[in-house]
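The structure appears below as structure tokens.
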Amino acid sequence: MAHVSPGSPADKAGLKIYDVITHFNGKEVTTAEALLQLIHSAKIGDNVTITSISRDKSTKTVTVRLEQSPTPAK
């Protein structure tokens, strides 16, 4: 992950910058574009499982509840 917003579902699940997401809801993630497609195919409020590899090479699987992205300030 290139960025983890404070208070975001990823942050709440313990994901950190530079974690590499390998699976989203059991489906292998091979590119950032593939991850975005999987995220967009899920519904807000869904609980999804994410498997990632951290910088120290440990693997973890977490459950994340998808939330609406905040609207950027203008």
Side-chain angles (χ1 to χ4, degrees):
M1 299 187 75
H3 179 74
V4 178
S5 297
S8 69
D11 181 42
K12 292 174 188 175
L15 296 174
K16 304 289 183 202
I17 191 167
Y18 302 120
D19 285 357
V20 176
I21 295 176
T22 60
H23 290 81
F24 182 92
N25 250 4
K27 295 181 181 170
E28 185 175 20
V29 174
T30 56
T31 66
E33 290 172 352
L35 176 59
L36 288 174
Q37 287 178 341
L38 290 168
I39 291 169
H40 289 287
S41 70
K43 295 180 182 133
I44 294 170
D46 283 354
N47 289 316
V48 298
T49 57
I50 295 174
T51 302
S52 66
I53 300 173
S54 68
R55 289 181 290 169
D56 67 2
K57 307 291 186 228
S58 64
T59 300
K60 66 179 171 183
T61 300
V62 295
T63 300
V64 177
R65 182 176 176 92
L66 298 181
E67 298 176 1
Q68 179 70 42
S69 296
T71 304
K74 292 184 178 186

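What you are looking at is a predicted structure, and each value in this text was computed from that prediction instead of being measured.
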- [ ] Only one of K27, H23, E33 passes side chain to side chain contact (heavy atoms under 4.5 Å, CB included) with L38; say which it is.
- [x]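 With L38 as partner, side chain to side chain contact (heavy atoms under 4.5 Å, CB included) holds for just one option, K27.
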Side chains of [X] and [Y], heavy atoms from C-beta outward: is any pair under 4.5 Å?
X   : Y   : result
S52 : K60 : yes
V29 : T22 : no
V64 : N47 : no

Task: Test item: D46 side-chain N/O and V48 main-chain N/O as donor-acceptor pair under 3.5 Å - done: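 Between the backbone of V48 and the side chain of D46 there is no qualifying donor-acceptor contact (under 3.5 Å).
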Open item on the list: Side chains of T61 and T51 only: does a donor on one sit below 3.5 Å from an acceptor on the other?
Closed with: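 On atom types as modelled, these side chains qualify, holding a pair under 3.5 Å.
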TODO: Identify the two heavy atoms, one from I44 and one from Q68, that lie closest to each other, and give their separation to 0.1 Å.
DONE: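 For I44 and Q68, the tightest heavy-atom pair comes out as CD1-OE1, 2.7 Å.
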TODO: Identify the heavy atoms of D19 and G14 that sit nearest to each other, and give their distance.
DONE: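 Closest heavy-atom pair between D19 and G14: OD2-O, 4.4 Å.
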Task: Value rounded to 0.5 Å, distance of OG1 in T31 from CG in L36 - done: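 Interatomic distance, T31 OG1 to L36 CG, rounded to 0.5 Å: 8.5 Å.
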- [ ] Find out if a path of hydrophobic residues (ILVMFWY) with successive side-chain heavy-atom gaps under 4.5 Å connects L66 to L35.
- [x]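 Yes, it is one cluster - the side chains of L66 and L35 are joined through contacts under 4.5 Å.
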Identify each donor-acceptor pair in which a side-chain atom of residues 6-13 lies under 3.5 Å from a protein atom, sequence neighbours left out, and give them as a table.
unit_1: S8; atom_1: OG; unit_2: S5; atom_2: O; d: 2.7
unit_1: S8; atom_1: OG; unit_2: D11; atom_2: N; d: 3.2
unit_1: D11; atom_1: OD2; unit_2: G7; atom_2: N; d: 2.8
unit_1: K12; atom_1: NZ; unit_2: E67; atom_2: OE2; d: 3.2

